[in-house]
Protein chains: 2
Amino acid sequence: MLITRAPIRDQVYRHILEQVDRGDLPAGSRVRDTALAVVLGVSRTPVREALLRLAGDGVLDAEAGRGFRVRRLDRAEIGEVGAMLGALEPLALELSSEILPERLARLEAVAERLERTRGDALRCIDLDDEWHRILLEGCPNQRLLRLIATLRQIPRRYLHAYLREAGRVSLSTIHHSRVLQALRRGERATAAELLRRRWQRGVKEMESWIP
Amino acid sequence: MLITRAPIRDQVYRHILEQVDRGDLPAGSRVRDTALAVVLGVSRTPVREALLRLAGDGVLDAEAGRGFRVRRLDRAEIGEVGAMLGALEPLALELSSEILPERLARLEAVAERLERTRGDALRCIDLDDEWHRILLEGCPNQRLLRLIATLRQIPRRYLHAYLREAGRVSLSTIHHSRVLQALRRGERATAAELLRRRWQRGVKEMESWIP
DNA sequence: CAATTAAACAATGTATACAGTATCCGGTAT
DNA sequence: ATACCGGATACTGTATACATTGTTTAATTG
């Protein structure tokens, strides 16, 4: 058995992130460390550590002396983060080692599960996340992967809200199969270009929807 | 008069960063929150908040239960961060608004000061930082700029160590004038490409020097 | 004498306490 | 009625306290 001792701050971090994603903590609402600490049964210290990290990640806003609140969805923000991911994900793909058939198979499997998963928007987003993780896991630049994972939290929140409020319940899966085709033909650059374009189009779709 | 109330954690953050850059806290050495708190005359709380942020930035390592230590210089790390900056800085430049003559003049001024500054390595690095800041400040993607600033902390530490230990006392300034020339001709893409190449070459130079 | 272990010490992670501010609410004056 | 003031409340940022865990040292045993 693997004994693991995860710091409380990390658990709290994930908890709040999930609450924000699910919309339990609506955009603009205040996040009080005291209240959270009581609910979670821990002290304010690790809660504040998690909140500070989330503020650094751009999920929360931290005004000095006024505490934290959930950042509002904002056209500019999704555009900014989209531009960054549109550069970084293709970079990660290009830096990757040869993509072995085993990985292609796993990508196909996840894509298929994603296609079958209709109606459960949250699950769709998780599967799409996993698909991208598998796609890029061959990149030796661990630091780049960590950054991508952190950045993706932002569009994920937008996507959650989008699927929730715009009533859509699944993601387009054409993109996945196109990328896969390119990879099967060994055309890494093409696949990278597809990723880049996907971010451009995805951002536009969200921007046109945001209030 | 502008009354400003900077959180202690931010001041501590900058303080530690400077200590690390200057080599006062050598790579691999432990950073004890208690000791720092005593020295700075504050409590452990804001010190720990600063340390956690520095760990997130990759300046420190944080092993659970074993506190913090200054991350060791490592060939892989400079390569990883260099690859990221080599993608992000050109992106920021390409997203920038037209670069006005006023900014070109400021770039020239800083480049000139940099050329005159020989012997003071720390000052050189600061000026090089400022040059890049001015170069990219026209980019409307604030978030990208913040990320670049954070990431640059890593190579800056390597550069500090390099100039200190390899005995070099100034930076090559050819790069700056080449980029400036391209910008004067209005060739933004060329300038971006120069930035990309600079990171590739800079990283190689450091990698060949690191133990 | 080397290896091992246990006990004292020290440092981390978390909890609690405190001081200073912002926020909210009711009252008063215009 | 509305705008302004004052007090009470609540919350943030920082300090301090505590418990657990890692580290070191010294003693003991093979």
Side-chain angles (χ1 to χ4, degrees), chain A residues 1-20 24-72 146, chain B residues 1-20 24-72 146:
Chain A
M1 174 192 174
L2 178 63
I3 304 219
T4 168
R5 224 180 357 146
I8 294 182
R9 58 171 171 275
D10 292 343
Q11 303 178 48
V12 174
Y13 175 88
R14 281 191 292 273
H15 176 85
I16 301 172
L17 201 54
E18 199 178 319
Q19 297 258 324
V20 172
D24 297 344
L25 293 171
S29 67
R30 288 187 64 174
V31 182
R32 293 169 223 269
D33 53 18
T34 311
L36 262 170
V38 171
V39 169
L40 300 178
V42 299
S43 79
R44 284 178 58 213
T45 308
V47 172
R48 283 182 57 79
E49 288 170 353
L51 293 178
L52 284 167
R53 183 170 155 210
L54 284 161
D57 291 348
V59 174
L60 303 180
D61 277 327
E63 268 178 289
R66 299 188 185 187
F68 304 84
R69 52 180 66 224
V70 179
R71 187 173 269 222
R72 294 188 177 285
R146 271 212 342 254
Chain B
M1 177 192 173
L2 178 64
I3 309 258
T4 169
R5 224 181 356 146
I8 295 182
R9 57 171 172 274
D10 292 344
Q11 303 178 49
V12 174
Y13 175 86
R14 282 191 291 273
H15 176 84
I16 301 172
L17 201 54
E18 200 178 317
Q19 297 258 325
V20 171
D24 297 344
L25 292 170
S29 67
R30 286 188 64 174
V31 182
R32 292 170 224 268
D33 53 19
T34 311
L36 261 170
V38 170
V39 168
L40 300 178
V42 297
S43 79
R44 285 177 58 214
T45 309
V47 171
R48 283 181 57 79
E49 288 170 353
L51 293 178
L52 284 167
R53 181 170 157 210
L54 283 162
D57 291 347
V59 174
L60 303 180
D61 278 325
E63 269 178 288
R66 300 188 184 187
F68 304 85
R69 51 182 65 224
V70 180
R71 186 173 269 224
R72 296 188 177 284
R146 272 213 340 257

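Residue numbering restarts at 1 for every chain, and letters A, B, ... go by the order of the sequence lines. These numbers come from the heavy atoms of this one structure, side chains and all, not from hydrogens, waters or symmetry mates.
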For atom CD of A:Gln11 and atom P of C:dG13, their distance in whole Å = 14 Å

With distance as the sole test, does B:Arg69 use its side chain to make a donor-acceptor pair with the main-chain N or O of B:Gly28 at under 3.5 Å?
-> yes

Within-4.5 Å side-chain heavy-atom neighbours: A:Leu51 and A:Val31 | yes

A:Arg53: what forms a side chain to side chain contact (heavy atoms under 4.5 Å, CB included) with it, not counting sequence neighbours?
-> A:Asp10, A:Tyr13, A:Asp57

Do A:Arg71 side-chain atoms and A:Val59 backbone N/O form a donor-acceptor pair below 3.5 Å?
-> no

Nucleic acid footprint by protein, nucleotides 7-16 of chain D - heavy-atom cut-off 4.0 Å, B for base, S for sugar-phosphate alone | ----SBBBBB

Do A:Arg48 and B:Thr45 have side-chain heavy atoms sitting under 4.5 Å apart?
-> no

